[in-house]
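Everything on this sheet refers to the single structure shown next.
Lettering follows sequence order; numbering is per chain, from 1. Note: hydrogens, waters and symmetry copies are ignored here, and every other heavy atom, side chains too, is used.
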Number of protein chains: 2
Amino acid sequence: MNVTQVLSQTEICQSCTIRNRAICADLHADEIVLLNSIGRHRTLTAGEQLLWEGEDAVLVGNVVEGLLKLSTGTSEGREQIVGLAYPGDFVGRPFGGTDPYGVEALAETRMCVFRRQDFDAFAREHPRLEHKLLERTLTELDRTRRWMLLLGRMDAEQKLATFLLDMVERLSGAPGLNPELTGGNTVPAFALPIGRQQIADVLGLTIETVSRHFTRLKKDGILDLPSRREVAILDRAALQDRAG
Amino acid sequence: MNVTQVLSQTEICQSCTIRNRAICADLHADEIVLLNSIGRHRTLTAGEQLLWEGEDAVLVGNVVEGLLKLSTGTSEGREQIVGLAYPGDFVGRPFGGTDPYGVEALAETRMCVFRRQDFDAFAREHPRLEHKLLERTLTELDRTRRWMLLLGRMDAEQKLATFLLDMVERLSGAPGLNPELTGGNTVPAFALPIGRQQIADVLGLTIETVSRHFTRLKKDGILDLPSRREVAILDRAALQDRAG
DNA sequence: CGACTCTTTGAGTTGCTTCAAAAGCGGTGG
DNA sequence: CCACCGCTTTTGAAGCAACTCAAAGAGTCG
């Protein structure tokens with residue numbers, strides 16, 4: 001490996017859009033170079049599957065841009081989305097034998113992936129990285145447990161309202177998005193990254209129920225739905241009320 | 001600190017019943033001594049609350065013996081149990097500001113607790129501990145996400161059947177319990193550590209629905225219910241079928 | 001302009017919840 | 001030992017939210 005390569009590899013991470021939000025945030029320059037040498041970039045097309053539930057865990061990685069869904073299903077074929085991975089999020093199962101759920105791209109997604117073995121070895125030698133990963137995993141566990149309250153104890157309207165508020169919050173953290181998404185009582189129209197069926201799969205509902213409640217929230221003047229893939233929040237306070 | 005103290009402190013952990021299952025498992029003798037010096041033992045009575053949702057995270061710890069519930073509730077007062085902590089499990093929120101859910105003892109519970117600040121500092125200096133905690137957190141996240149499938153996509157019978165099978169598996173990992181709990185197609189009567197209402201709060205159901213399905217499974221010859229707090233599985237295969 | 005997919009709307013059914021009351025169990029004291 | 005009390009669990013009846021099944025409407029793409 002010559003110096004030019006090293007520099008250019010460093011550059012790749014330095015200019016990375018998620019450099020400060022992903023688990024690599026606290027690494028030193030020399031560590032970044034090392035990590036870069038075991039990783040590679042990969043682009044998934046919408047609908048492409050990255051990991052399969054129950055298969056050997058061979059890959060882990062960071063989402064750079066795009067959106068992934070993590071999901072499992074019952075034997076009868078009902079699907080439950082157990083998480084969405086936005087830019088900066090880590091996916092895959094380090095230190096484990098098999099991937100516990102499937103991972104599929106919902107939109108064209110750029111990633112930074114590692115062979116799991118390589119990543120595990122690197123992580124064990126770099127406590128700063130393990131620490132970041134631990135913090136991220138703890139946060140994700142908290143978020144997942146909060147979602148259990150939604151799945152177990154909320155009615156359809158509360159679920160949908162909570163989902164929309166959560167999505168706005170998540171999207172406004174992403175780069176290049178309107179910071180107005182967080183301000184006042186109305187939120188300008190933004191693009192929903194997923195369709196009705198997948199919203200249903202996140203909320204543990206059917207597509208019909210999701211659709212009916214979208215319609216109701218629109219009729220009640222809380223939402224506007226300029227197109228199927230766009231939502232505007234006309235009255236955030238009212239939506240928060242509906243979220244319970 | 002004199003040698004006698006050190007030895008006796010080491011002894012405490014060495015004889016600990018969860019020594020090989022908790023996050024301290026991989027620590028060296030000298031690390032154990034240090035960890036011991038910042039921890040203390042505490043016994044909770046049944047019903048006693050250890051942590052409150054939304055409060056400053058001041059404590060973390062390991063369950064040595066007993067059972068804790070982790071739970072949140074909606075503003076309307078509906079409760080959702082988001083996890084149960086058995087012996088060997090870690091509870092509390094390291095590296096974070098506030099406890100994301102309440103923690104309460106369901107039975108008399110012995111714990112080994114640490115001030116969160118002390119624990120955080122210790123963990124950062126001992127990567128082996130952080131690694132164990134990371135592995136445990138990853139496993140817990142997997143378990144929690146599998147539970148989302150239950151909450152979002154299963155009907156009441158599937159939920160109860162899955163719960164019972166899961167509980168038998170968890171209990172049989174605990175010390176001093178009949179190893180027969182894992183063997184064949186029938187499982188001898190064992191004590192349910194929680195009542196019907198709490199089972200309902202785990203499964204996202206009402207107590208009446210839980211009770212009805214217990215009765216149905218008994219009528220169908222799959223379970224026996226010698227008393228309210230005891231269950232025997234007469235036909236594990238059938239129960240697994242019902243779990244979906 | 002059709003063919004396809006996704007979404008919305010409608011009608012009817014079901015399973016879980018709610019509300020109410022009875023039954024079971026454990027503990028305490030007469 | 002039994003009677004009584006409080007608490008948990010079971011059972012019953014009625015209501016309703018979400019589901020299923022079915023079809024029409026909207027949007028997208030060749």
Side-chain angles (χ1 to χ4, degrees), chain A residues 45-47 69 74 76-81 106-107 150-164 189 191-220 223-231 242-244, chain B residues 46-47 69 73-74 76-80 106-107 150-164 189 191-220 223-231 242 244:
Chain A
T45 58
K69 72 169 182 186
T74 65
E76 298 108 319
R78 296 160 66 73
E79 182 178 8
Q80 177 66 49
I81 294 180
L106 293 174
L150 176 143
L151 291 174
R153 292 299 186 204
M154 288 186 184
D155 64 25
E157 184 171 79
Q158 292 177 311
K159 285 179 176 182
L160 183 57
T162 303
F163 168 79
L164 289 170
L192 274 182
I194 62 179
R196 299 289 187 270
Q197 179 60 59
Q198 270 146 352
I199 294 175
D201 290 337
V202 169
L203 301 179
L205 298 170
T206 58
I207 186 174
E208 295 95 331
T209 300
V210 170
S211 177
R212 281 185 238 275
H213 285 277
F214 260 116
T215 305
R216 183 178 304 177
L217 288 172
K218 180 178 178 176
K219 275 186 185 142
D220 293 351
L223 298 182
D224 190 27
L225 304 168
S227 77
R228 347 172 143 182
R229 283 300 187 108
E230 283 179 300
V231 194
R242 304 281 177 118
Chain B
K69 72 169 182 188
T74 64
E76 297 108 317
R78 297 161 65 75
E79 183 178 8
Q80 177 66 48
L106 294 174
L150 175 143
L151 290 174
R153 291 300 186 202
M154 288 186 185
D155 64 24
E157 184 171 77
Q158 293 177 308
K159 285 180 176 181
L160 183 57
T162 303
F163 169 79
L164 288 171
L192 274 182
I194 61 179
R196 299 287 187 270
Q197 179 60 60
Q198 272 148 351
I199 294 175
D201 290 338
V202 170
L203 301 179
L205 297 170
T206 58
I207 185 175
E208 296 94 331
T209 301
V210 170
S211 177
R212 281 184 238 276
H213 284 278
F214 260 116
T215 306
R216 183 177 304 176
L217 289 172
K218 181 179 177 174
K219 276 188 183 140
D220 293 351
L223 297 182
D224 190 27
L225 304 168
S227 77
R228 347 172 140 182
R229 284 301 187 106
E230 283 179 300
V231 194
R242 304 280 178 119

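Formation of a donor-acceptor pair under 3.5 Å by the B:E230 side chain with backbone atoms of B:L192 is not found in this model. For A:S211 (side chain) and A:I207 (main-chain N/O), no donor-acceptor pair under 3.5 Å exists by modelled atom type.
Pairs of residues two or more places apart, or lying in two chains, that qualify as salt bridge (Lys or Arg N to Asp or Glu O under 4.0 Å) and include a residue from residues 191-214 of chain B are A:R153-B:D201.
Taking atom CD on A:Q197 and atom P on C:dT7, their separation rounds to 8 Å, with Å as the unit. When the P atom of D:dT11 is taken as reference, atom CZ of B:R216 falls 12 Å away, rounded to whole Å. What separates CG of B:L203 from P of C:dT17 is a distance of 10 Å, to the nearest Å. As a whole-Å value, the separation of B:K159 NZ from C:dG15 P is 14 Å. Here D:dT9 presents its P atom at 13 Å from CG of B:L160, a figure rounded to the nearest Å. The interatomic distance linking A:L225 (CG) with C:dT9 (P) rounds to 10 Å, in whole Å. Rounded to an integer number of Å, the gap from CG of A:L217 to P of C:dT7 is 17 Å. Here C:dT9 presents its C1' atom at 13 Å from CD1 of A:I207, a figure rounded to the nearest Å.
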**OP:** Scan nucleotides 15-28 of chain D nucleotide by nucleotide, 5' to 3', and note B when protein non-hydrogen atoms come under 4.0 Å of the base, S if they reach only the sugar-phosphate, - if neither.
**Re:** ---SSBB----BS-
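Within the 4.0 angstrom heavy-atom criterion, base atoms lie near A:S211.
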Original post:
Hey, mind stepping through B:R242 and B:H213 against side-chain contact (heavy atoms from CB on, under 4.5 Å) and telling me if it holds?
Top reply: CA-CA 11 Å; B:R242 304 280 178 119; B:H213 284 278; over 6 Å; no
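In this structure, A:R78 CZ and A:T206 OG1 are separated by 8.5 Å, a value rounded to the nearest 0.5 Å. Note that the NZ atom of B:K159 and the CG atom of B:L164 stand 14.0 Å from one another [nearest 0.5 Å].
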